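Shown next, in structure tokens, is the structure this report addresses.
As the structure is a computational prediction, the values presented were derived from the model and not from experiment. These numbers come from the heavy atoms of this one structure, side chains and all, not from hydrogens, waters or symmetry mates.
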Amino acid sequence: MDLVFRDAEVVDGTGAPSYRADVAIEGGRIAAIVKEGAAAGCLRPTARRIVDAEGLALSPGFIDMHAHSDLALLRDPDHSAKAAQGVTLEVLGQDGLSYAPVDDRTLAEVRRAITGWNGYGDDLDFGWRTVGEYLDRLDRAHGGRGIAVNAAYLVPQGTVRMYAVGWEDRPATGRELDRMRGLVAEGLVQGAFGMSSGLTYTPGMYAKDAELTELCRVVAEYGGYYCPHHRSYGAGALEAYGEMIALTREAGCALHLAHATMNFGVNEGRAPELLALLDEALDAGADISLDTYPYTPGCTTLVALLPGWASEGGPEAVLARLRDEGTAERVRHHLEVLGSDGCHGVPVDWDTIEVSGVSAPGLGEYVGRRVDGWATARRLLLEDSLGTTILQHVGHEENVRAIMRHRVHTGGSDGILQGTKPHPRAYGTFPRYLGRYVRELGVLSLEECVAHLTGRPAARLRLPDRGRIREGYVADLVLFDPETVAAGSTYASPRTLPTGIPHVLVDGRFVMEDGRRTDALPGRSLRSNRRAGA
């Protein structure tokens with residue numbers, strides 16, 4: 001064999017009790033599992049390298065169901081932000097905004113729109129236009145060597161609408177809807193696993209339910225799933241969840257709820273209401289899953305808080321409105337008094353808004369500070385050309401714990417890697433689950449938590465040979481110490497790497513070895529390869 005983990009405590013991703021075993025790797029796959037006390041005559045596997053795993057847990061690689069590494073994987077071959085956590089697969093194309101499919105106009109617009117998430121990308125060659133070409137670019141990254149971890153992709157509905165309709169707040173014409181259907185189908189054929197939306201982000205938020213339902217019918221036809229950032233996580237959150245359940249059931253489409261939180265003061269203690277809504281739909285036959293991150297604050301861009309009408313026409317139109325004193329006052333009134341749709345229907349509390357990153361170097365003094373009112377917010381939006389990222393301190397710990405216990409829960413970092421002081425979830429989500437919520441608080445057992453982070457998301461993605469420790473499965477594996485694993489990242493030092501995760505394998509190759517990042521780039525794009533009627 002190539003490698004054997006000797007005397008590991010195997011947590012296999014199913015939720016079943018762990019067991020002690022030797023696990024052998026050959027040719028990038030799990031070749032043999034020999035449990036302690038196996039029948040007489042069953043030889044222990046030998047290998048060119050044996051890792052003593054005494055006292056350590058061996059699990060499948062963690063699957064980040066909500067990642068924003070769309071450009072980071074191309075920009076940074078090291079990518080320790082995820083590799084050091086034990087993440088072996090990231091799902092990209094989230095929140096309805098990413099970089100394929102595009103034409104020249106749409107690419108320029110989407111790069112500008114989500115600069116706060118990924119940077120503008122001046123250091124990259126945007127030679128792709130289709131989903132398939134973007135996935136090919138991942139495979140050829142870094143001189144053809146590949147990427148640090150594997151990646152899956154969702155067709156971004158907001159980008160598709162930007163491509164076919166533009167930035168206008170109106171229903172799509174029949175021809176435009178046909179164009180969107182075609183773009184979604186093409187992306188799915190080329191390897192996407194489903195479609196995402198950002199329904200508090202423009203221009204995706206301009207789509208009505210009938211339009212979304214038609215696109216979900218296409219997703220369902222190809223066996224994919226719909227992953228919406230729905231219309232409200234604040235006032236009207238339960239109605240927004242119900243809306244997504246209803247339209248996907250009408251379309252016959254699987255539903256995965258992105259960063260399924262219950263935030264803002266209006267939702268404190270209301271997680272049980274969400275879970276009851278989910279249980280009712282699940283018991284009636286709906287196909288639903290969700291992901292969350294184990295933190296209370298959220299993270300987004302400052303421009304995302306604006307009312308949808310202020311963003312019609314695209315980034316340049318937003319800046320023009322902000323420069324106009326009368327229009328800027330209307331924006332302020334919607335934010336501070338009415339509660340804008342971009343701020344989830346809740347009047348903004350500036351004391352909860354912390355600047356996490358800026359694009360313009362001259363604004364660095366604002367990073368780590370709370371926004372002290374509309375005047376400061378407006379200045380940042382204008383002088384940073386909408387590139388400012390923020391933390392929004394609006395979550396509730398009891399809601400976080402209740403939702404992560406649910407039977408269809410999975411883990412997702414929603415990690416924005418851009419900015420001087422990003423949210424610590426980008427570097428800490430998965431070890432924080434294992435350290436704080438398993439070992440320290442006992443919210444989940446170790447076996448339950450690993451299943452949430454591995455087997456359950458693999459099932460949502462319909463991956464036939466990942467997410468579990470079984471013979472013949474791909475050797476995406478994490479060896480960690482249950483007694484010491486912990487997130488190192490904090491709000492003060494968000495880029496600190498975790499502890500207690502000595503080894504991480506992607507496709508049988510070490511990306512983390514003895515706690516250090518290797519130079520291996522075994523990651524590739526995973527493709528659904530589905531056809532109509534799947």
Side-chain angles (χ1 to χ4, degrees), residues 66 68 94-95 116-117 198-201 205 228-241 257-275 290-308 331-332 334-357 366-374 376-377 380-381 388-404 412-416 419 421-426 428-429 432 436 489-492 494:
H66 193 102
H68 287 285
Q94 299 287 351
D95 293 326
W117 292 359
L199 300 179
T200 64
Y201 300 127
M205 69 156 61
H229 163 131
H230 52 272
R231 299 192 194 275
S232 176
Y233 291 82
L238 288 173
E239 292 80 2
Y241 282 113
L257 296 164
H259 39 61
T261 60
M262 292 289 286
N263 285 340
F264 301 91
V266 295
N267 290 318
E268 185 171 3
R270 298 188 69 190
E273 295 176 60
L274 167 61
L275 301 182
L290 59 87
D291 65 70
T292 69
Y293 45 83
Y295 297 85
T296 50
C299 178
T300 188
T301 56
L302 184 58
V303 68
L305 304 185
L306 303 188
V331 172
R332 183 205 65 77
H334 273 257
L335 276 170
E336 296 184 348
V337 179
L338 301 180
S340 77
D341 47 6
C343 197
H344 307 277
V346 177
V348 67
D349 177 357
W350 294 115
D351 287 341
T352 69
I353 308 299
E354 177 186 349
V355 177
S356 60
Y366 288 95
V367 175
R369 289 167 47 182
R370 302 294 173 112
V371 175
D372 58 7
W374 168 241
T376 298
L380 284 167
L381 289 164
T388 305
T389 54
I390 59 169
L391 303 185
Q392 203 167 5
H393 296 269
V394 293
H396 305 286
E397 179 66 19
E398 68 273 21
N399 286 348
V400 170
R401 296 187 193 187
I403 295 169
M404 75 170 62
S413 70
D414 195 13
I416 294 175
K421 293 184 72 175
H423 196 303
R425 68 194 186 193
T429 286
R432 182 171 170 86
R436 178 161 177 75
S489 59
T490 64
Y491 294 100

Item to check | Minimum heavy-atom distance Pro297-His423, with the two atoms named | outcome: O-NE2, 2.9 Å

Checklist outcome for this item: For Met262 and Ala271 the tightest heavy-atom approach is CG-CA, 4.3 Å

Item to check | Side chain to side chain, Pro347 and Glu336, heavy atoms closer than 4.5 Å | outcome: no

Next on the checklist: Within this structure, what is the CD-CG distance for the pair Gln94 and Asp291, rounded to the nearest 0.5 Å?
Outcome noted: 7.0 Å

Item to check | Glu398/Arg401 under salt bridge (Lys or Arg N to Asp or Glu O under 4.0 Å): CA gap, chis, key distance, verdict | outcome: CA-CA 5 Å; Glu398 68 273 21; Arg401 296 187 193 187; over 6 Å; no

Next on the checklist: For Asp95 versus His259, what's the shortest heavy-atom pair and its separation?
Outcome noted: OD1-NE2, 3.3 Å

Item to check | Within-4.5 Å side-chain heavy-atom neighbours: Tyr491 and Lys421 | outcome: no

Item to check | Gap separating the OH atom of Tyr295 from the OG1 atom of Thr429, nearest 0.5 angstrom | outcome: 5.0 Å

Item to check | Minimum side-chain heavy-atom gap Gln392-Cys343 below 4.5 Å | outcome: yes

Checklist entry - Can you name the closest pair of heavy atoms from Arg270 and Leu238 and give their distance? => result NH2-CD1, 3.1 Å

Item to check | Closest non-hydrogen atom pair, Thr389 against Trp117 | outcome: CG2-N, 4.4 Å

Item to check | Non-hydrogen side-chain atoms of Asn263 and His344 separated by less than 4.5 Å | outcome: no

Checklist outcome for this item: Rounded to the nearest 0.5 Å, the CD atom of Glu268 sits from the NE2 atom of His396 at a distance of 5.0 Å

Item to check | Where Val331 and Pro307 come nearest, the two heavy atoms and their spacing | outcome: CG1-CD, 4.1 Å

Checklist entry - From Leu380 CG over to Ile353 CD1, what is the distance, rounded to the nearest 0.5 angstrom? => result 12.0 Å

Checklist entry - Quick one: does Arg332's side chain have a donor or acceptor within less than 3.5 Å of a partner on Trp374's backbone? => result no

Checklist entry - Does a donor on one side chain sit under 3.5 Å from an acceptor on the other, for Tyr201 and Thr300? => result yes

Next on the checklist: When you compare the side chains of His334 and Asp341, does any donor N or O come within less than 3.5 Å of an acceptor on the partner?
Outcome noted: no

Checklist entry - Is the side chain of Ser356 donor-acceptor paired with the backbone N or O of Pro422 at a distance under 3.5 Å, no angle test? => result no

Checklist entry - So is Arg425 actually on top of Tyr293's ring, under 6.0 Å and inside 45° of the axis? => result yes

Next on the checklist: Measuring only between side-chain heavy atoms, which start at C-beta, is Leu305 closer than 4.5 Å to Leu335?
Outcome noted: yes

Item to check | CH2 on Trp350 to OG1 on Thr376, rounded to 0.5 Å | outcome: 9.0 Å

Item to check | Test item: Asn267 side-chain N/O and Tyr233 main-chain N/O as donor-acceptor pair under 3.5 Å | outcome: yes

Checklist entry - How many angstroms lie between OG in Ser232 and CG in Leu199, if you round to the nearest 0.5 Å? => result 11.0 Å

Checklist entry - Are any of the side-chain heavy atoms of Thr296 and Val400 separated by less than 4.5 Å? => result yes

Checklist entry - Do Thr388 and Thr301 pass the side-chain contact (heavy atoms from CB on, under 4.5 Å) test, and can you show the C-alpha distance, the side-chain angles, and the key distance before you say yes or no? => result CA-CA 6 Å; Thr388 305; Thr301 56; over 6 Å; no

Checklist entry - Taking C-beta and beyond as the side chain, do Arg370 and His393 meet within less than 4.5 Å on heavy atoms? => result yes

Item to check | Contact check, side chains of Asp414 and His68, non-hydrogen atoms, under 4.5 Å | outcome: yes

